Amino acid sequence: MEHYKILNVIGEGSFGRAILVCHQNTNHNYVMKEVRLPKSSGASQDSRQEAILLAKMKHPNIVKFKESFEENGHLFIVMEYCEEGDLLATIKHQRGKLFSEQTIVQWFVQMCLAVQHIHEKRVLHRDIKSKNIFLTQSRTIKLGDFGSARILSSPMAHACTYVGTPYYVPPEIWENIPYNNKSDIWSLGCVLYEICTLKHPFQAGSWKNLILKICHGSYSPLPSQYSYELRSLIRQMFRKDPRQRPSANTILTRRGLLKVVKSIVVTQTDDELSENFPQDELASVLQHINEPPAPLEDGGNVINYKLKEQRKKWKKETPESLLNILNNADLTTAFKTYTIYRSKPSEECLKGPLSTDVRGPDATDSREEEISMDPERLQSRSDDEDTDFEEEDMDTDWLSELKRVTEAQS
Ligand code: ADP
Ligand code: MG
């Protein structure tokens, strides 16, 4: 700690604080995330996961880990400082002026490269959202905040209590099916939608309508200036069946993106990448993007982890039972990873940072003509093999855990 001079606090959350610091010897600025370590050793171990996972990631589009240490019951994670802040702030800054398709594609490809990297390492991020994606001074995308991430081989004792940020949570989570790498793809689709429209894809005035919109996949179409390629990408990333969603690999091998992908990977190789990006991984990325794209209908060019021959059967609950539980729940305290913006604490109204005015609880639902339903969502599953990997070893199911937490509160 004595090596760093504190400059200012740039983010504050339930975890602790994100502080801008300056290294005394090198004069370099870094972000230091200060995380209060819980008393129980199991929970402390969970907190340490963030540092462990971030340290494992070495990719030009992932926030670079410098070091981590513990002092006075706190864990400090020192990482690269992204001067331009988070993508959510950048979107808000636009004040309604749409980004060019070129910018969108450049950013999106970098996000996909980051997600491809973490999925190759069998890590799920589980909280992909514009607030956790950062921009450097040179406008390079960096995926950050590995506070909710999990590696698949680790014990998953607490995984079922995690919910994520409701706006970005895919239908399978509401339907009590475990999170898998395609769930990250859904959340990434939400970010892509946000940079195209400057709005959240699923907006509603109540919990009920938010969950129903997500589960039905109803969202307003993209502004007409954007290409068919972007429209079709979003449609595929928002497919209800996770197995029908493209993996990061499949997205990066799309014909429409290949040129941008190649140009980004090559530039990154020349610059910062060369010293810290292992050559074998670079070869693997290049190999993926040089492979001819496989048609999605055949299951796509996906990472196929054949660890489990038999897909686990999960007790499936309908969103209705979830909604009944949520009826009496004090959500803000029940789920620390929830980010819920309420206009007034007493109102049953959800407001995200990019929400447009929602007049009453059901106001958005009356504008059906603006909402596109995705017909592909009704298609039957094409390929059972297209489920890549998912959370393992969950002793309790997510819904039971949710019930337990809400009952404990009342
Ligand atoms: P939390 O778990 O609270 O979401 P984050 O790691 O996302 O923690 O950090 C909180 C906020 O601090 C971010 O939303 C962002 O505004 C700022 N921040 C975090 N890390 C960085 C970074 N490396 N560079 C710039 N800003 C950052
Ligand atoms: Mg965050």
Side-chain angles (χ1 to χ4, degrees), residues 4 6-23 28-38 43-44 46-55 57-68 74-93 107 110-111 114-115 118 123-150 158 161-169 184 187-188 190-191 194-195 200 272 276 332-333 335-341 352-354:
Y4 296 96
I6 294 179
L7 298 180
N8 58 290
V9 176
I10 54 172
E12 225 155 335
S14 52
F15 70 92
R17 302 183 296 173
I19 309 161
L20 178 63
V21 296
C22 177
H23 193 276
H28 264 121
N29 285 353
Y30 295 97
V31 166
M32 186 184 274
K33 202 164 157 176
E34 181 192 57
V35 184
R36 273 185 305 275
L37 284 172
S44 300
D46 271 2
S47 305
R48 291 184 187 108
Q49 274 287 330
E50 178 173 0
I52 294 166
L53 291 180
L54 190 63
M57 303 301 150
K58 286 187 175 57
H59 189 274
N61 298 118
I62 295 179
V63 170
K64 207 186 293 168
F65 172 87
K66 178 167 167 50
E67 61 170 326
S68 74
H74 285 81
L75 166 71
F76 295 91
I77 307 168
V78 186
M79 64 190 107
E80 161 184 26
Y81 171 47
C82 306
E83 301 87 350
E84 292 289 303
D86 60 65
L87 198 56
L88 178 68
T90 309
I91 294 172
K92 285 201 221 160
H93 245 103
W107 285 350
Q110 294 176 65
M111 292 172 209
V115 171
I118 65 170
V123 168
L124 304 178
H125 187 283
R126 308 195 312 168
D127 202 14
I128 294 177
K129 54 180 175 179
S130 44
K131 186 130 183 59
N132 287 335
I133 295 171
F134 305 114
L135 278 169
T136 65
Q137 210 158 31
S138 59
R139 308 283 272 181
T140 302
I141 288 282
K142 304 272 175 173
L143 176 63
D145 192 356
F146 280 68
S148 301
R150 287 292 176 273
H158 300 282
T161 57
Y162 164 75
V163 182
T165 306
Y167 285 102
Y168 301 83
V169 163
D184 275 349
S187 310
L188 188 61
C190 293
V191 177
E194 284 176 7
I195 55 176
H200 301 298
E272 57 179 306
N276 61 20
T332 43
T333 54
F335 309 103
K336 296 206 174 76
T337 47
Y338 265 144
T339 308
I340 304 163
Y341 297 83
L354 301 175

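Both counts, for ligands and for their atoms, begin at 1 and track the order of listing. The structure displayed is predicted, hence computed values, not measured ones.
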Ile10 heavy atoms, cut-off 4.0 Å: which ligand 1 atoms fall inside? 26 (N), 27 (C)

Taking non-hydrogen atoms only, is Asn132 closer than 4.0 angstrom to ligand 1 via side chain, backbone, both or neither? side chain

Donor-acceptor contact present, side-chain Ser44 to main-chain Pro38, <3.5 Å: yes

Is it the case that Thr136 and Tyr81 place a side-chain donor and acceptor less than 3.5 Å from each other? no

Lys58 side chain vs Ala55 backbone, donor-acceptor pair below 3.5 Å: yes

Is Arg17 salt-bridged to Glu12, going by a charged N under 4.0 Å from an acidic O? no

Please identify which atoms of ligand 1 are closer than 4.0 Å to at least one heavy atom of Asp86. 14 (O), 15 (C), 16 (O)

When you measure from atom 12 (O) of ligand 1 to each heavy atom in Gly16, Ala18, Gly85, which option holds the nearest one? Ala18

Counting from 1 in the order shown, the ligand 1 atoms closer than 4.0 Å to a non-hydrogen atom of Gly11 are 12 (O)

Check: Cys82 N/O within less than 3.5 Å of ligand 1 N/O: yes

Which atoms of the protein, restricted to N, O or S, are nearer than 2.8 Å to the Mg ion (ligand 2)? Asn132 OD1, Asp145 OD2

Donor-acceptor contact present, side-chain Gln110 to main-chain Ile141, <3.5 Å: yes

Partners passing side chain to side chain contact (heavy atoms under 4.5 Å, CB included) against Leu7 (at least two apart in sequence or in another chain): Lys5, Leu20, Cys22, Asn29

Considering residues at least two apart in sequence or located in another chain, which fulfil the salt bridge (charged side-chain N to carboxylate O under 4.0 Å, His left out) criterion with Glu83? none

Salt-bridge criterion met for Lys33 and Glu50 (N-O under 4.0 Å): yes

So that I can tick it off, tell me whether Lys66 and Glu80 are bridged by a salt bridge, with the cut-off set at under 4.0 angstrom between side-chain N and carboxylate O. no

Please report whether ligand 1 has a polar contact with Glu50, defined as an N or O pair separated by less than 3.5 Å (distance criterion only). no

Would you confirm whether Lys129, through its side chain, and Tyr168, through its main-chain N or O, come within 3.5 Å as a donor-acceptor pair? no

Who are the side chain to side chain donor-acceptor pair (under 3.5 Å) partners of Glu67, not counting sequence neighbours? Tyr4

Output yes when the distance from some N or O of ligand 1 to some N or O of Tyr81 is under 3.5 Å, and no in every other case. no

The option among Glu83, Lys129, Glu84, Lys33 carrying the non-hydrogen atom nearest to atom 5 (P) of ligand 1 is Lys33

I'd like to check which ligand 1 atoms, numbered from 1 as shown, lie under 4.0 Å from a non-hydrogen atom of Lys131. 14 (O), 16 (O)

Out of Ile133, Val31, Val63, indicate the one that has the non-hydrogen atom closest to atom 22 (C) of ligand 1. Val31

